[in-house]
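Within every chain, numbering begins at 1; the chains are lettered A, B, ... in the order of the sequence lines, protein sequences first and strands thereafter.
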Amino acid sequence: MPNSLQHETVIVVDVETTGMQPEKGDRVIEIGAVKLRGQQVLERFERLIRPDFLISQEIESLTGITNNMLQDAPGSPQVMAEFVDFIGTYPFVAHNAAFDQKFIDAELTLFGRPRPTNFYCTLQLARRLYHDPINYKLSTLVQYKNLTPAPTFHRALADAEMTAQLWLAINNDIMQDYGFTFLPLELLKKVSAAAKEQVGDLLRKAAKDARHNQLDTTGSLFG
DNA sequence: TGCCAGGCCCTCTTTAGGGCCTT
């Protein structure tokens, strides 16, 4: 694996929630996050959050998070304050980022905190880059890329760790396949926004431009 | 009684519909 994956720091995040609709009152009950610089994990964040109501049996079964576990957990204002300190102004990475974004937005808005806006989505990137997995669930992609599965799925930090591995694998695949020595986040934004059939051309052109710029830099330094 | 997520993606599409992905 190349040792020069993009050096920009990202926050890889996952939330467990009471349901699918924050606009109907569903809440975050666990946040897990990994602060990643290059391939290095700088810091981890994991907190349960006590909601104002009992969670359903369905969610208890799905996540393994029970009402008993939540009864002594801190409330959202305390956890979100800690989370804001943890995330700084770094961009976010999540699997199906729209889901995590809307819940994090909802929790932060409740307490008048500024909402992060810069999200990268491993689901979207995987759909652009990988054409033959049987589906694009996080668990499937972890297996597809031969990554190390966490001991459990549907816990926030475990899923965030696996999303982080997937993020690195995606970065690594682009670098190896197209010959990048450095992968700017901005390029991944363009990959996400591109039509699937245009991704190859986009990356080949970007790699060519990157090599050209590198030659220019070398020439100006030593020429 | 009828409503019941939303955004993305694909195709038997584009004047649409259904499946996926997240909990």
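Legend: residues meeting side chain to side chain donor-acceptor pair (under 3.5 Å) with A:Asn146, ordered by chain and number and at least two apart, are absent. A:Lys35 is linked by a side chain to side chain donor-acceptor pair (under 3.5 Å) to A:Glu43, counting only residues two or more places apart in sequence or in another chain.
Look at the P atom in both B:dC4 and B:dC9: the space between them is 24 Å, to the nearest Å. Taking atom C1' in both B:dT23 and B:dA5, one finds a spacing of 11 Å when rounded to whole Å. The separation of B:dC12 from B:dG19, taken at their C1' atoms, amounts to 14 Å, rounded to a whole angstrom. Spacing of C1' atoms, B:dG18 relative to B:dT13, comes out at 12 Å, to the nearest Å. Spacing of C1' atoms, B:dC3 relative to B:dT15, comes out at 26 Å, to the nearest Å.
What separates CG of A:Leu138 from P of B:dC20 is a distance of 17 Å, to the nearest Å. Distance CD1 (A:Ile134) to P (B:dC20): 11 Å, rounded to an integer number of Å. If you take CD of A:Gln21 and P of B:dA5, they are 5 Å apart, rounded to a whole angstrom. When rounded to the nearest whole Å, the span between OH of A:Tyr136 and C1' of B:dC10 equals 11 Å.
Contacts of residues 46-80 of chain A with DNA chain B (heavy atom under 4.0 Å): A:Ile59, A:Leu62, A:Thr63. A heavy atom lying under 4.0 Å from DNA chain B marks the following residues of residues 119-132 of chain A, by number: A:Leu123, A:Gln124, A:Arg127, A:Arg128.
Screening residues 48-60 of chain A for side-chain hydrogen bond (donor to acceptor under 3.5 Å, both in side chains) gives A:Glu60-A:Asn67 as the qualifying pairs, with residues at least two apart or on separate chains.
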Anything under 3.5 Å between a donor and an acceptor, one on a side chain of residues 21-28 of chain A, the other on a protein residue two or more places apart or in another chain? List them.
residue : atom : partner  : partner atom : Å
A:Asp26 : OD1  : A:Thr18  : OG1          : 3.0
A:Asp26 : OD2  : A:Met20  : N            : 3.1
A:Asp26 : OD2  : A:Gln21  : N            : 2.9
A:Arg27 : NE   : A:Glu107 : OE1          : 3.4
A:Arg27 : NE   : A:Glu107 : OE2          : 2.8
A:Arg27 : NH2  : A:Glu107 : OE1          : 2.9

